[in-house]
Amino acid sequence: MPRGIRALLAMAFAAFADAASAIAAPAHAATYPKQGFHVAYGNSYTTGITTWYNRSLAVEGEIRVTAGNCRSVEVRLYRNNGAPMAPATGLGTLCNHDNTTKSHEFGVSHIPADVPGGAAYINICLMGRSVSDPVSETLTCKTYSNPSHA
């Protein structure tokens, strides 16, 4: 094989090998801040993790309820200026008619926060009522700031 063709083949092979290694290299997924939460009222509570995306929020967790109570969890998203971004999003409800403590897992993978950087902060609220009362009220809320806004 003539020398010029060998050199051309060597260059083509090197270029192919570079392109193949670039394709085979794993892409690094963006990492998004995660933050734990815990909101309690008496012996009932909710606990879990939030994931703060650029224009949305994901929440997963658990709610535990004592006997004779109904509890639900809501998340409320806010802008930097304190204005709410949307109505509260219900995450989970559990009513306990027994004399035990019960738990229920919940997860919402996409709560819109459609501004650059997402919500500035959120309130996670524990709502409640007795088993016989149809009206729920806010029992307690806890505020969590977006870690990427710090």
Side-chain angles (χ1 to χ4, degrees), residues 11-150:
M11 287 187 329
F13 180 75
F16 176 77
D18 285 346
S21 68
I23 292 170
H28 294 284
T31 57
Y32 298 101
K34 292 183 182 286
Q35 187 176 47
F37 67 87
H38 183 86
V39 181
Y41 183 83
N43 290 326
S44 296
Y45 65 86
T46 184
T47 189
I49 294 176
T50 58
T51 304
W52 299 78
Y53 297 104
N54 186 34
R55 291 183 177 266
S56 66
L57 180 78
V59 183
E60 58 185 84
E62 174 185 40
I63 183 171
R64 288 188 62 90
V65 178
T66 54
N69 293 301
C70 289
R71 299 285 185 257
S72 57
V73 182
E74 287 184 356
V75 63
R76 302 168 185 168
L77 286 64
Y78 295 91
R79 299 175 187 270
N80 277 330
N81 65 4
M85 297 188 78
T89 300
L91 300 175
T93 300
L94 180 62
C95 290
N96 188 350
H97 302 277
D98 302 332
N99 288 326
T100 61
T101 299
K102 290 186 176 182
S103 64
H104 172 69
E105 292 182 357
F106 59 83
V108 178
S109 61
H110 179 81
I111 301 169
D114 201 13
V115 296
Y121 65 95
I122 60 173
N123 282 341
I124 296 182
C125 302
L126 201 53
M127 311 294 288
R129 64 182 175 85
S130 69
V131 173
S132 59
D133 188 356
V135 179
S136 210
E137 63 179 312
T138 301
L139 299 174
T140 188
C141 294
K142 205 165 181 186
T143 302
Y144 296 89
S145 296
N146 185 333
S148 63
H149 285 215

Kindly indicate whether the side chain of E60, heavy atoms from C-beta on, has any atom under 4.5 Å from the side chain of V108. no
Nearest 0.5 Å, please: how far is [atom2] in [Y] from [atom1] in [X]?
X	Y	atom1	atom2	result
Y53	S109	OH	OG	8.0 Å
S72	L126	OG	CG	7.5 Å
T51	Y32	OG1	OH	10.5 Å
H104	C95	NE2	SG	11.0 Å
M127	T138	CE	OG1	3.5 Å

Do [X] side-chain atoms and [Y] backbone N/O form a donor-acceptor pair below 3.5 Å?
X	Y	answer
D98	A67	no
T50	Q35	yes
N54	G117	yes
N81	A83	yes
K142	N123	no

May I have the step-by-step check of side-chain contact (heavy atoms from CB on, under 4.5 Å) for E74 and I124, ending in yes or no? CA-CA 6 Å; E74 287 184 356; I124 296 182; over 6 Å; no
Would R79 and M85 satisfy side-chain contact (heavy atoms from CB on, under 4.5 Å), going step by step from the backbone distance to the final call? CA-CA 6 Å; R79 299 175 187 270; M85 297 188 78; 3.7 Å; yes
Smallest separation among heavy atoms of [X] and [Y], with atom names:
X	Y	result
K102	N96	N-ND2, 3.5 Å
V65	S44	CA-OG, 3.7 Å
P147	P33	CG-CB, 3.8 Å
G128	R71	CA-NH1, 3.6 Å
Y78	I122	CD1-CA, 4.5 Å

Are side-chain N/O atoms of E62 and T47 paired as donor and acceptor at under 3.5 Å? no
Under a 3.5 Å cutoff, is there a donor and acceptor pairing between the side chains of N43 and T66? no
Determine, stepwise, if the pair Y121 / N80 fulfils side-chain contact (heavy atoms from CB on, under 4.5 Å). CA-CA 8 Å; Y121 65 95; N80 277 330; over 6 Å; no
Could you tell me how the ring of Y144 sits relative to the ring of F37: parallel (under 30°), tilted (30 to 60°) or perpendicular (over 60°)? perpendicular
Member of L94, L91, T93 meeting the side chain to side chain contact (heavy atoms under 4.5 Å, CB included) criterion with I63: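 Result: among L94, L91, T93, L94 is the only option passing the side chain to side chain contact (heavy atoms under 4.5 Å, CB included) with I63.
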Could you check C141 against R76 for side-chain contact (heavy atoms from CB on, under 4.5 Å), going step by step and ending with a plain yes or no? CA-CA 10 Å; C141 294; R76 302 168 185 168; 3.8 Å; yes
